[in-house]
Amino acid sequence: MSPVLLEPVVPLSARRRSVPRWLRRTTGPLFLLLLWQVCSATGVLPSDMLASPGTIAGTASGMVQDGTLPHAMLVSVQRVLNGLVIGGIVGVALALISGLSRLGEDLVDASVQMFRTIPWVGMIPLFIIWMGIGEAPKIALIALGVTFHLYLNVYAGIRGVDAQLIEAGNSLGLGRWALIRHVVLPGALPGAMTGLRYSLATAWLALVFGETINADDGIGFLLNRAREFFQTDVIVVCLIVYAALGLLADFIVRTLERLLLQWRPTFTGK
């Protein structure tokens, strides 16, 4: 005689879904924050080495109230946007020239690949010599980092379009420009969005380097000044702002992906 189950068996995946996903995602960071606070309160983590979360929160509140942090954020965001626009235009234009034409590839790709192997951070001394110590070298550094990521991903997206789709477009009588507009560019859009995400990450990284050298405002300037006075609370506030702005930029791009790539079914995990 088979045993009688008194309670229905609930699959593990269903039990896991019963817990809100936002709660699962915040458990790890909250645990680390609590551990950090406990170590600071017990003296395991000295304040001169790293300020406590409570001290950092108070410092951030003061910097917001006196306007220091909002002004620095505005300056830094403007630099990133300017560099992103310039680098994006150059990177996409070069990718279109190289990806849509074999002649363009022969003329452009080798040069871009050669310059891509040069560490873009190593260009800082030359940028300062060429452009001085104002805004231009900082924006140029961001634009340089953005250009290569967008070029590689857009170029790969164009060359990764299924050849059968091209043949289908030709059989339907599409001309060259119509084929590019309706087949090639939509097919390259996923690669372009991936390149944009990488470009934004590189833009914030380039901003850190640019603002910690010869800057008189911006988040990097606050970071560098806090280093000179051993203000670990201000340093952590600046790092948190960098991370928050980077996450916000990534969220915006992911939202654009969902809107522009609704036609492409993807695996979202189980």
Undergrad: If you measure from CE on Met73 to OG1 on Thr68, what distance do you get to the nearest 0.5 Å?
TA: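 Those atoms lie 12.5 Å apart.
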Undergrad: Using atom types as modelled and distance alone, determine if a side-chain donor or acceptor of Ser61 lies under 3.5 Å from a backbone N or O of Ala57.
TA: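 No, because the side chain of Ser61 does not come within donor-acceptor range (under 3.5 Å) of the backbone of Ala57.
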Undergrad: Can you name the nearest heavy-atom pair linking Leu150 to Gly88, along with the distance?
TA: CD1-CA, 3.3 Å
Undergrad: Hey, does the side chain of Ser199 reach the backbone of His149 with a donor-acceptor pair shorter than 3.5 angstrom?
TA: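 No; zero donor-acceptor contacts below 3.5 Å.
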Undergrad: Could you report the tightest heavy-atom contact between Glu105 and Tyr155, atom names first, then the distance?
TA: OE2-OH, 2.7 Å
Undergrad: Output the rest of the hydrophobic cluster of Ile89: all Ile, Leu, Val, Met, Phe, Trp and Tyr residues reachable through side-chain heavy-atom contacts under 4.5 Å, sorted by chain and number.
TA: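 Answer for Ile89: Val85.
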Undergrad: Which is it for Ile219 and Leu245 under the side-chain contact (heavy atoms from CB on, under 4.5 Å) test, yes or no, and what are the steps along the way?
TA: CA-CA 11 Å; Ile219 302 174; Leu245 292 175; 3.9 Å; yes
Undergrad: Answer yes or no: is there a donor N or O on one side and an acceptor on the other, between the side chain of Thr202 and the main chain of Tyr198, under 3.5 Å?
TA: yes
Undergrad: Side chains of Leu222 and Met63, heavy atoms from C-beta outward: is any pair under 4.5 Å?
TA: yes
Undergrad: With side-chain contact (heavy atoms from CB on, under 4.5 Å) as the test, would you mind laying out the steps for Leu69 and Val237 before giving the verdict?
TA: CA-CA 9 Å; Leu69 192 58; Val237 169; 4.1 Å; yes
Undergrad: Can you tell whether the side chains of Asp217 and Arg79 come within less than 4.0 Å, N to carboxylate O?
TA: yes
Undergrad: When clusters are formed by joining ILVMFWY residues with side-chain heavy atoms under 4.5 Å apart, either directly or through shared neighbours, do Val75 and Met131 land in the same one?
TA: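 They do not share one cluster, since no chain of ILVMFWY contacts under 4.5 Å joins Val75 to Met131.
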Undergrad: Any chain of hydrophobic side-chain contacts (each under 4.5 Å) joining Trp177 to Val154?
TA: yes
Undergrad: Hey, mind stepping through Arg197 and Glu257 against side-chain contact (heavy atoms from CB on, under 4.5 Å) and telling me if it holds?
TA: CA-CA 10 Å; Arg197 294 182 66 182; Glu257 284 183 339; 3.6 Å; yes
Undergrad: If you round to the nearest 0.5 Å, how far is CG of Leu50 from CD1 of Ile56?
TA: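 Answer rounded to 0.5 Å: 5.5 Å.
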Undergrad: When you measure from the side chain of Thr55 to the backbone of Ala51, do you find a donor-acceptor pair of N or O atoms at a distance under 3.5 Å?
TA: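 Side chain of Thr55 to backbone of Ala51: no pair is present.
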Undergrad: With rounding to the nearest 0.5 angstrom, report the CG to CZ distance, Asp106 to Arg102.
TA: 9.5 Å
Undergrad: Grab the two heavy atoms, one from Ser76 and one from Leu207, that are nearest each other, plus how far apart they are.
TA: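 In terms of heavy atoms, the two residues are closest at CB-CD2, 3.7 Å.
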Undergrad: Val64 and Leu239: same hydrophobic cluster, using ILVMFWY side-chain contacts below 4.5 Å?
TA: yes
Undergrad: Please write out which residues are connected to Ile139 in a hydrophobic cluster, directly or through intermediates, given that two of Ile, Leu, Val, Met, Phe, Trp, Tyr count as joined at side-chain heavy-atom separations below 4.5 angstrom.
TA: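 So far as hydrophobic clustering goes, Ile139 is joined with Ile86.
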Undergrad: Which atom pair, heavy atoms only, marks the closest approach of Val44 to Pro46?
TA: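 Here Val44 and Pro46 meet closest at O-CD, 3.4 Å.
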Undergrad: Quick one: pull up CG in Asp250 and OG1 in Thr255 and give me the separation to the nearest 0.5 Å.
TA: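 The OG1 atom of Thr255 is 9.0 Å from CG of Asp250, to the nearest 0.5 Å.
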Undergrad: With a 4.5 Å cut-off on side-chain heavy atoms, are Leu185 and Leu96 touching?
TA: yes
Undergrad: Given the rule that I, L, V, M, F, W and Y join up when any side-chain heavy atoms are under 4.5 Å apart, are Leu126 and Val90 in one cluster?
TA: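 Result: yes, single cluster for both.
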Undergrad: If every non-hydrogen atom of Leu141 is compared with every non-hydrogen atom of Phe209, which pair is closest and at what distance?
TA: CD2-CB, 4.2 Å
Undergrad: CG/Leu94 to CG/Asp109 distance, rounded to the nearest 0.5 angstrom?
TA: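 These two atoms lie 10.0 Å from each other.
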Undergrad: Give the minimum heavy-atom separation between Gln37 and Pro53, together with the two atoms involved.
TA: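 Heavy atoms of Gln37 and Pro53 come nearest at OE1-CD, 3.2 Å.
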Undergrad: Report the hydrophobic cluster partners of Val38, with the cluster defined as I, L, V, M, F, W, Y residues connected by side-chain heavy atoms closer than 4.5 angstrom, directly or transitively.
TA: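 Listed partners: Leu34.
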Undergrad: With heavy-atom distances below 4.5 Å as the criterion, would you say the side chains of Thr232 and Met49 are in contact?
TA: no
Undergrad: Would you confirm whether Glu211, through its side chain, and Gly220, through its main-chain N or O, come within 3.5 Å as a donor-acceptor pair?
TA: yes
Undergrad: Atom CZ in Arg116, atom CG in Leu144: separation rounded to 0.5 Å?
TA: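 If I round to the nearest 0.5 Å, the distance is 12.5 Å.
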Undergrad: Keeping Thr194 on the side-chain end and Pro190 on the backbone end, is there a donor-acceptor pair under 3.5 Å?
TA: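 Indeed, once roles are kept as given, a pair shorter than 3.5 Å links the two residues.
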Undergrad: Between Val108 and Tyr151, is any pair of side-chain heavy atoms under 4.5 Å apart?
TA: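 Yes. Closest side-chain heavy atoms under 4.5 Å.
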Undergrad: Give a yes or no on whether the backbone of Met114 and the side-chain of Thr117 come within a donor-acceptor separation of less than 3.5 Å.
TA: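 Checked: pair present.
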Undergrad: Taking side chain as C-beta onward, heavy atoms only, is Asn82 less than 4.5 Å from Glu135?
TA: no
Undergrad: I'd like to know whether Trp36 forms a side-chain contact (heavy atoms from CB on, under 4.5 Å) with Leu45, so could you lay out the CA-CA distance, the side-chain angles of the two residues, the decisive distance to 0.1 Å, and finally the verdict.
TA: CA-CA 8 Å; Trp36 180 6; Leu45 188 62; 3.6 Å; yes
Undergrad: Would a single hydrophobic cluster contain both Ile240 and Phe251, if residues Ile, Leu, Val, Met, Phe, Trp and Tyr are joined by side-chain heavy-atom contacts under 4.5 Å?
TA: no
